[in-house]
Amino acid sequence: MRDSSMDLFDPRTVMDADPDRLQDEGNFGFAFNDSNFSDRMLRIEILAGSSDSKSDCEGCSSLADWARNRKRRREDLKKESGADVAVAVAEEQVLNQPDADDVLGCENDDEEAVAMIEEAPSGDEAAHSNDSSWSMDCTTVVRVKTLHISSPILAAKSPFFYKLFSNGMRESEQRHVTLRINASEEVALMELLNFMYSNTLTATTAPAVLDVLMAADKFEVASCMRHCSRLLRTMPMTPESALLYLELPSSVLMAEAVQPLTDAAKQYLVDRYKDITKFQDEITALPIAGIEAVLSSDDLQVASEDAIYDFVLKWARIQYPRLEERREILGTRLVRFIRFPYMTCRKLRKVLTCPDFDHEVASKLVLEALFFKAEAPHRQRTLATEDFASTSRRFLERAYKYRPVKVVEFELPRPQCVVYLDLKKEECENLFPSGRVYSQAFHLGGQGFFLSAHCNMDQQSAFHCFGLFLGMQEKGSVTFAVDYEFAARQKPTEEFLSKYKGTYTFTGGKAVGYRNLFGLPWKSFMAEDSPYFINGILHLRAELTIRH
C-alpha cells in the first residue's frame, strides 16, 4: 500500500522513472491552457533582452547558425548590461529565493535573468508583509502571455516548478505566478510547457530541438531533456553539431540527460577523424572538446603513439601560441590522452627536454611509462584491464599501424639489441591470405630497423605459412654485417626456442628473414592446439648483433 505521507508529485519519483515509459504515461495535452483543468494562472513576461528579439533557432538552417546566433546574442547582452545591474525593491514577492551563488543576474553570459514572482498582495496583507521584496527588472517587458496551468502536472515533471508551487505561498487564494524570460526563449518555453502536458514536441529541426533542450535544462525538466537528446541523435550529425553537443552546459542534470547524445557526438568525431594524417588541417582547427574526443579513441589509424604525441604538440602550438597557456592546457587536459607507455624510449627522452611541458609533469609521465615497459606482460595486461573504464585509457594499446616492441640494448662487448614483439591471435588471423604487419622502429649502431610478420606462400607455393623478416630503414648509405636470430615461445615449456639464425650485410631498405618460420602450414599454425599461442598471444624475439 502506498505510504499516505508520500507526496504524489514529488519530483524525485519522476527523476528516477524510466524515460522510456514517458510515452506510456497519461497524455494531459487536452488540459493545456484550459481553465477547466487548471488551478493557477501563469503570467509570462517577455523581455526585450537584445535588439534582435527572435528566438535562437529562427532563421537558422543549421546548428552552426544556431551557435553563431546564440553567441552573438550573449555578446549583445554583455554590451547592453554594462556594469553591475542594480537590484531594486519592488512590490512583487519573489517565490523562489535562490542561493547567492545561483542568482541569475543580467550580466550572466549564458542565460538571461529570470524572476519567479507572485502577484503582489493587496491591502492590509501587503502592509503586514515582512518579507524583503526585490525584482530583476533589468530590461523592458515587450509582451505578456497568460496561461492556465495545472500545478500538479508541472510539479510532477520539474523540481523547479515543484519548489515554485510549494514554497512561499502564504494564502491558498494567491494563484498567480509570473515568469520573466528573454524573447529568444519564448518559443522554446511554450514547446516545453506543452511537452510537460503531452510528452510530445512539435519542433522538427535540430536548432529548434536544441533550444527546447536548453529551456528544459533551465527549468529542470529531465524527461524533456532526454526526449530532446533522443530526437537529436536521430538527426544527421556534422562536425559543427557534434562539437556543439560536446560543449553544452555542464550542469549535473544536463550531463546525465544528454550523455547518450554526447557519446554519439564523440563517436561521430572519432569515426570521421580516425585517420589523423588525412584530416590534419581539420583536426588542428578543432577546439579542446573535439581534440579530446578524437584522442580518446583506441582505433586511430596512426603509425605509433609517437605520432600522437607529435600531433598533440602541433595542435597545442597552433591553438595556444603563448607558452604559459600551452603548458597549462597540455598539463591539465591533454597529457591524459597521450599513451606515454607505448611511446618509444627515444621519443620519451625528447619529452623530458620539451619546453612545452612542465619539467615535473614530464618527469612523472616518463617515469610512469618506463615502469610500465619494465613490467612483466601479465602485469601490463592487469594494468590495461584496470584502466579500461577510465577516460584516459593510458595503459591501453591503440590499433597502431606499427606494432609496439620492447627493446633491450647492450653496448659491450659488442653493440647488440634484443627485440620482443607480441601479436594477438586475431591480429595473425587478419594477415591471411597475404597480409603483413610491421613493428615500430628500433635502433642499433645508429641505424633504424623493424620487424615484419607476413602470411605468404612457402617457397614451393604449396601452402600459406607464417613468415618473419628483419628490415633496415632507408637512411644513408651505411653498410654493416649483422648476426640475427629469431625465436618464439613454445608450449609446453613456454620458453623461447630458436627458430632461425643467420648473418646478413645490410644496406638501406634491405630485409632478410624466413618465409616459413615454424615449418607449418597456416592452418596448423593457427589451430586451437597450436603450441605457439599462449593465452592468445604469439611471443616473438629477435636478437641483433653488429659484427666487427
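- Under the 3.5 Å distance criterion, with hydrogens and angles disregarded, a donor-acceptor pair is assigned to the side chains of Asp271 and Gln267.
- Among residues two or more places apart in sequence or in another chain, the salt bridge (Lys or Arg N to Asp or Glu O under 4.0 Å) test is passed with Glu282 by Arg272.
- For the residue pair Arg230 / Thr234, no side-chain donor-acceptor distance below 3.5 Å is found, with atom types taken as modelled.
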As a quick check of understanding, evaluate ring pair (Phe, Tyr, Trp, His ring centres under 6.0 Å) for Phe496 and Tyr420, giving each step before the final call. CA-CA 11 Å; Phe496 277 105; Tyr420 297 89; 5.8 Å; yes

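- Under the ring pair (Phe, Tyr, Trp, His ring centres under 6.0 Å) criterion, Phe279 pairs with Tyr273, not counting sequence neighbours.
- Listed by first and then second residue, the side chain to side chain donor-acceptor pair (under 3.5 Å) pairs that reach into residues 423-434 are Arg403-Glu427, sequence neighbours excluded.
- Salt-bridge annotation for Arg339 and Asp298: present, with a side-chain N of the basic residue lying under 4.0 Å from a carboxylate O of the acidic one.
- Listed by chain and residue number, Arg322 satisfy the salt bridge (Lys or Arg N to Asp or Glu O under 4.0 Å) test with Glu324 (two or more places apart in sequence, or in another chain).
- The salt bridge (Lys or Arg N to Asp or Glu O under 4.0 Å) analysis of residues 351-370, with sequence neighbours excluded, yields the pairs Arg317-Asp356, Arg326-Asp356, Glu368-Arg394.
- Residues meeting the side chain to side chain contact (heavy atoms under 4.5 Å, CB included) test with Lys274, sequence neighbours left out: Asp299, Gln301.
- Between the side chain of Thr284 and the backbone N or O of Gln280, at least one donor-acceptor pair lies under 3.5 Å.
- Sorted pairs that involve residues 491-519 and meet salt bridge (Lys or Arg N to Asp or Glu O under 4.0 Å), not counting sequence neighbours, are lacking altogether.
- Qualifying side-chain hydrogen bond (donor to acceptor under 3.5 Å, both in side chains) partners for Glu485, counting only residues two or more places apart in sequence or in other chains: Ser498.
- Among residues two or more places apart in sequence or in another chain, the side chain to side chain contact (heavy atoms under 4.5 Å, CB included) test is passed with Arg327 by Leu323.
- The ring of Phe372 has its center closer than 6.0 angstrom to the ring center of Phe395.
- For Glu328, the side chain to side chain contact (heavy atoms under 4.5 Å, CB included) partners are Thr332, not counting sequence neighbours.
- Checking side-chain atoms of Asn516 against main-chain N and O of Leu520 turns up a donor-acceptor pair under 3.5 Å.
- Contact detail for Ala257 and Ala222: the closest heavy-atom pair is CB-O, 4.5 Å.
- The side chain to side chain contact (heavy atoms under 4.5 Å, CB included) check on Leu243 picks up Leu269, Leu286, Pro287, with sequence neighbours excluded.
- Counting only residues at least two apart or in different chains, ring pair (Phe, Tyr, Trp, His ring centres under 6.0 Å) contacts with residues 398-419 are absent.
- Under the 4.0 Å criterion applied to side-chain N and carboxylate O atoms, Arg336 and Glu292 are assigned as salt-bridge partners.
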